[in-house]
Each structure stands twice: as C-alpha cells, then as structure tokens.
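Quick notes on the structure that follows.
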2 protein chains.
Amino acid sequence: MATSAERGRQVRSRLLQAAAELVAEQGWNAVSTRMVAERAGVAPGLVHYHFASLPALLTEASVQVMEAVVEGAEQGLSQARTAARALELMLADLDRYPGDDPASRLVSEAMLAAGRDEGLRTAMAGLLARFRARLGDRLAAQGVPDPHRTAAVLAAALDGMMLHRTLDPELTSTAVAPVLGRLLQDGTPGTAQEGHP
Amino acid sequence: MATSAERGRQVRSRLLQAAAELVAEQGWNAVSTRMVAERAGVAPGLVHYHFASLPALLTEASVQVMEAVVEGAEQGLSQARTAARALELMLADLDRYPGDDPASRLVSEAMLAAGRDEGLRTAMAGLLARFRARLGDRLAAQGVPDPHRTAAVLAAALDGMMLHRTLDPELTSTAVAPVLGRLLQDGTPGTAQEGHP
DNA sequence: GTTCGCCTTGGGCGACTGCCCAAATCCAGG
DNA sequence: CCTGGATTTGGGCAGTCGCCCAAGGCGAAC
C-alpha cells in the first residue's frame with residue numbers, strides 16, 4: 001500500500017483540482033474551504049494542513065491550470081510553419097475555450113483576482129510574457145511587421161474575444177479570422193496615422 | 001425642505017454609487033449589504049428596503065455605470081471624421097481606463113458575474129451590441145473592410161488589452177496604435193482612405 | 001512491541017452573511 | 001392638532017465563513 005506521504009500528496013493534488021473546478025464554477029471569492037474539501041472528498045480541516053490559507057490554495061490551483069493552458073497553446077504554435085497557420089491555430093483555441101467553459105472562466109477569475117493578490121499577479125505576468133515572447137518570435141520569423149507588439153495585441157484580442165463570446169455567441173473563429181488576418185500583413189501606405197504636432 | 005420621497009430617492013442613488021465602488025474595489029462576490037450601507041452612510045436595513053436583494057442592487061449599480069461608460073465612448077466616437085481618428089479616440093479611452101481603475105474593474109467584474117446572472121447578461125449583451133453597431137457603422141462609412149466584424153474584433157481587443165494591462169503596464173495606447181491601424185486598411189495594400197471619397 | 005512522525009478527523013471559535021421585522025421617525029394632507 | 005403612509009432604525013435569525021487544535025489513525029524505523 002502507499003505510504004502516508006504518498007497518500008498525502010494525492011490528497012493535496014485532489015484539493016488543487018477541486019479548487020480549480022470551483023473557482024471556475026462559483027467565482028474566486030465564492031469558493032470556501034469546506035466546498036473544496038467536500039468536492040475533494042476529504043475532511044474540512046485538511047485544507048489548512050496542506051495549504052497555508054485559502055487564497056494560497058486558489059492561487060496555486062489556478063497557476064497550475066493556466067500553465068497547462070499556455071503550454072498547450074505554445075505547443076500548437078510551435079508546429080505552425082507560417083504566420084497565417086499560427087493565427088489559424090490560435091483561433092482554434094478560441095473554439096476550444098469558448099468563454100463559458102471551465103478553463104476560460106478560471107483564467108478570467110484569476111485575472112481579476114490578480115489585481116488584489118500580488119503573488120498571483122507576478123505569476124500570471126510571467127506566463128503572459130513568456131507566451132507573448134514565443135508568439136512574437138514566431139511572427140517575426142514570418143516577416144510580420146512589428147512582431148512583438150502584434151503578438152501583444154493578438155494575445156489581448158484573443159482574451160477579449162473569449163470574454164465577449166459569453167455575451168455574443170456569434171463571435172466565432174471563422175467570423176473574426178479574416179479581420180485578424182489583416183494584422184499579419186504589411187502595413188503599407190495610406191492609413192492616415194495622424195501624428196501629433 | 002425635501003420630502004421623504006425625495007430623500008428616499010437620494011438614499012437609493014447613494015446606495016447604487018456605493019455598490020458600484022465596492023464591486024470595483026472588492027469584487028462582485030465580496031460585497032456585503034452592510035458594507036454598502038456603511039459606505040452610503042445609512043442603516044443596514046435600508047438596502048433591502050430599496051432593493052429586492054443584494055444581487056439586484058449590484059446588477060442595477062453596475063449596469064448604470066456601464067451605460068455611462070458606453071455613452072462616453074460613443075460620444076467621442078461620433079466626433080471622429082475618419083476611421084483613423086476614431087481608432088485614436090478609442091485608444092485614448094484605453095489610457096482613460098488603464099485596467100486597474102474603478103470603471104475597468106467594475107466592467108470586468110460584471111462580465112464574469114454575467115456568466116452566472118441571466119438578467120445582467122442580457123443587459124450587458126444589449127450594451128455591447130449597441131456599441132458595436134455604432135462603431136461598425138462608423139467604420140463602414142469610412143470604407144473599412146468588413147466593418148461590423150472589424151468592430152467586434154476592435155471592441156474585444158480593447159477589453160482584452162485593458163485586462164492585460166494590469167499584468168503589463170507597457171501595453172500603452174501608443175504601443176498598440178500602429179498594430180491596430182492595420183485593421184483599418186484594405187486587405188490589399190495601397191488603398192488609401194482619407195476622409196470621404 | 002514500542003516509539004516516532006506524518007496525515008487525518010471533527011468540532012469549536014468569533015466573526016460575518018443575507019434577509020427580515022417590529023418599532024420609531026418623518027412630513028404632507030386633512 | 002391628528003392621521004396615514006413612506007422611510008428609517010437597529011437588532012434578531014439561522015446559517016456560513018476562515019482558521020485552529022486536541023485527539024486519533026497509521027505505516028515505518030528501531
């Protein structure tokens with residue numbers, strides 16, 4: 001049979017998963033220690049044995065999930081041979097995370113909670129920076145102008161569209177693909193980019 | 001002197017303002033009736049005299065603020081004579097709502113709460129649809145291709161950038177302006193679009 | 001068999017929650 | 001003056017909260 005230390009680690013990971021689910025379902029501030037314990041199938045007191053506090057548990061659980069999400073996106077990205085293909089793959093993620101699914105909700109909840117929790121904020125900032133750097137590098141290799149700023153805008157646009165999709169289900173990947181495609185091509189003359197005097 | 005009905009209306013509106021502030025500061029689920037009453041300077045029981053429930057108060061308060069935000073954005077938009085100028089004005093809003101200010105936070109909190117509150121969701125969907133329609137019409141008048149889809153992407157991108165800005169303060173309007181400018185020009189390079197044809 | 005240390009239990013603490021309500025207060029109309 | 005209706009008060013209700021802790025269970029080392 002498993003040693004008690006091994007069982008302990010398993011309980012800890014079950015608590016993390018339960019916490020991630022509940023953050024997505026109920027919202028960051030609506031998750032209680034007893035809820036998490038019940039879903040994980042353990043006694044309430046165990047939460048504060050394995051974690052210093054409830055926010056610490058929620059933070060660790062959320063960061064873990066978001067690392068997996070970013071990992072998945074980066075993996076798809078690394079297979080793209082052209083910028084257009086990379087965009088296509090990112091838009092596929094838009095369908096995979098429609099905005100009202102657990103992963104999308106968790107990311108949004110964490111984004112708001114990050115405004116009130118410094119540790120969470122720095123962790124998320126690191127994740128975002130890493131993803132944007134990778135995307136920017138890929139865009140640069142494909143000759144997209146201003147690649148890293150474009151990457152920043154693309155990442156923000158994707159997040160925003162996931163949010164807006166809750167309010168407008170018609171905001172699908174096929175609907176926005178041609179528009180975003182314009183971001184990837186050279187910006188030639190014509191646009192009246194009105195400068196400041 | 002004021003009649004009791006007039007004082008009542010004033011108390012009601014103070015409760016609404018206090019609720020909006022607290023949603024932004026503490027988060028949707030962290031606002032309590034007693035908090036709101038204290039900030040509004042009234043007795044706790046008054047909350048349930050003027051409002052059916054706490055969610056009803058939060059919803060009405062948030063919708064009221066968001067209506068004002070959209071109103072302001074539309075007003076600026078109506079003064080723009082070119083698509084580039086319209087974009088410029090929208091980016092100015094990006095600086096006005098840096099992501100960690102009360103208005104931005106309230107919008108984000110409401111967006112998440114809308115996923116769990118049907119009334120709030122339909123109210124917000126209406127606001128978003130109205131804004132996108134106005135923006136799309138303006139882009140169409142300036143010859144921007146696929147104007148209404150472009151408007152949808154622009155609106156989402158703006159929201160997303162406000163969110164990301166809390167994680168990366170360098171995501172300023174000047175940094176993203178040239179990238180977003182590419183959204184406004186024709187797919188095939190060379191089509192200038194200055195003023196009316 | 002005994003001891004040791006990690007893991008687990010379940011209840012208890014004071015504080016807080018949304019909502020309710022009898023009683024007090026207020027002012028306009030009679 | 002008094003009455004009537006709207007507004008306001010502050011406490012009470014049953015429930016939940018985060019966190020804590022004495023006590024017990026359990027496998028490994030000796």
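Values below: all heavy atoms of this structure, side chains included; hydrogens, waters and symmetry mates excluded. Residue numbers start from 1 in every chain, and the chains themselves are labelled A, B, ... in the order their sequence lines are given, proteins ahead of strands.
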Nearest heavy-atom pair of B:Gly136 and B:Pro147: which atoms, and what distance?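 In terms of heavy atoms, the two residues are closest at O-CB, 3.5 Å.
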Answer whether the closest heavy-atom distance between the side chains of A:Leu180 and A:Met90 falls below 4.5 Å.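 Not in contact.
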Are B:Leu135 and B:His148 close enough that some pair of their side-chain heavy atoms sits under 4.5 Å apart?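 B:Leu135 vs B:His148: side chains apart.
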Please list, by residue number, the residues of residues 13-33 of chain A whose heavy atoms come closer than 4.0 Å to an atom of DNA chain C; answer none if no residue qualifies.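 Of all residues in residues 13-33 of chain A, none places a heavy atom under 4.0 Å from DNA chain C.
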Show each protein N/O and nucleotides 22-25 of chain C N/O combination with a separation under 3.5 Å, one pair to a line.
none

Side chain to side chain donor-acceptor pair (under 3.5 Å) partners of residues 155-167 of chain B, not counting sequence neighbours, each pair once: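 Qualifying pairs, neighbours excluded: A:Asp159-B:His164, A:His164-B:Asp159.
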Tell me which pairs pass side chain to side chain donor-acceptor pair (under 3.5 Å) where either residue lies in residues 30-43 of chain A, with sequence neighbours left out.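 Applying side chain to side chain donor-acceptor pair (under 3.5 Å) to every pair that reaches into residues 30-43 of chain A, excluding sequence neighbours, yields A:Glu21-A:Arg39, A:Glu25-A:Arg39.
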Give me the distances for all protein-to-nucleotides 9-13 of chain D N/O pairs that come in under 3.5 Å?
unit_1, atom_1, unit_2, atom_2, d
D:dT9, OP2, B:Ala43, N, 3.1
D:dG12, O6, B:Arg34, NH2, 3.2

Please determine if a side-chain N or O atom of B:His50 lies less than 4.0 Å away from the OP1 or OP2 oxygen of D:dT8.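 Yes, B:His50 has a side-chain N/O under 4.0 Å of OP1/OP2 on D:dT8.
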Rounded to whole Å, please give me the gap between [atom1] in [X] and [atom2] in [N].
X       : N      : atom1 : atom2 : value
B:Leu58 : C:dC19 : CG    : P     : 10 Å
A:His48 : D:dC20 : NE2   : P     : 6 Å
B:Phe51 : C:dC20 : CZ    : P     : 15 Å

Under the salt bridge (charged side-chain N to carboxylate O under 4.0 Å, His left out) test, residues paired with A:Glu118 that sit two or more places apart: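 Salt bridge (charged side-chain N to carboxylate O under 4.0 Å, His left out) list for A:Glu118, sorted by chain: A:Arg121.
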Any residue meeting salt bridge (charged side-chain N to carboxylate O under 4.0 Å, His left out) with A:Arg138, in chain and number order, not counting sequence neighbours: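 Result, salt bridge (charged side-chain N to carboxylate O under 4.0 Å, His left out) vs A:Arg138: none returned.
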Scan nucleotides 24-26 of chain D against the protein and return all N/O pairs shorter than 3.5 Å with their distances rounded to 0.1 Å.
none

Tell me the salt bridge (charged side-chain N to carboxylate O under 4.0 Å, His left out) pairs involving residues 45-58 of chain A, sequence neighbours left out?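 For residues 45-58 of chain A, and leaving out neighbouring residues, there are no salt bridge (charged side-chain N to carboxylate O under 4.0 Å, His left out) pairs at all.
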Salt-bridged, B:Arg96 to B:Asp93, with N to O below 4.0 Å?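 Salt bridge present between B:Arg96 and B:Asp93.
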Is the shortest side-chain N to carboxylate O distance from B:Glu88 to B:Arg85 below 4.0 Å?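 A salt bridge links B:Glu88 with B:Arg85.
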Which residue lies toward the 5' end of DNA chain C, B:Leu54 or A:Gly8, if each is placed at its nearest nucleotide?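 Its nearest nucleotide lies further toward 5', so the answer is A:Gly8.
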Run the side-chain donor-acceptor check on residues 52-64 of chain A: report pairs under 3.5 Å with partners two or more places apart or on a different chain.
unit_1, atom_1, unit_2, atom_2, d
A:Ser53, OG, A:Ala56, N, 3.3
A:Thr59, OG1, A:Pro55, O, 2.8
A:Glu60, OE1, A:Arg12, NH2, 3.1
A:Glu60, OE2, A:Arg12, NH2, 2.1
A:Ser62, OG, A:Leu58, O, 2.9

Which of the following nucleotides, D:dC17, C:dC19, D:dC19, is nearest to the side chain of A:Met35?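 For A:Met35, the side-chain atoms sit closest to D:dC17.
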Looking at residues at least two apart in the chain, or sitting in another chain, which of them share a side chain to side chain contact (heavy atoms under 4.5 Å, CB included) with B:Asp146?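 Side chain to side chain contact (heavy atoms under 4.5 Å, CB included) list for B:Asp146, sorted by chain: A:Pro178, A:Val179, A:Arg182, B:Arg149, B:Thr150.
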Report all side-chain donor-acceptor pairs from residues 106-113 of chain A shorter than 3.5 Å, counting only partners two or more places apart or in another chain.
unit_1, atom_1, unit_2, atom_2, d
A:Ser108, OG, A:Ser104, O, 3.1
A:Glu109, OE1, A:Trp28, N, 3.1
A:Glu109, OE2, B:Arg116, NH1, 3.3
A:Glu109, OE2, B:Arg116, NH2, 2.8

What is the nucleic acid contact for B:Val11, judged by heavy atoms within less than 4.0 Å: base, sugar-phosphate only, or nothing?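 B:Val11: backbone/sugar contact only, no base atoms under 4.0 Å.
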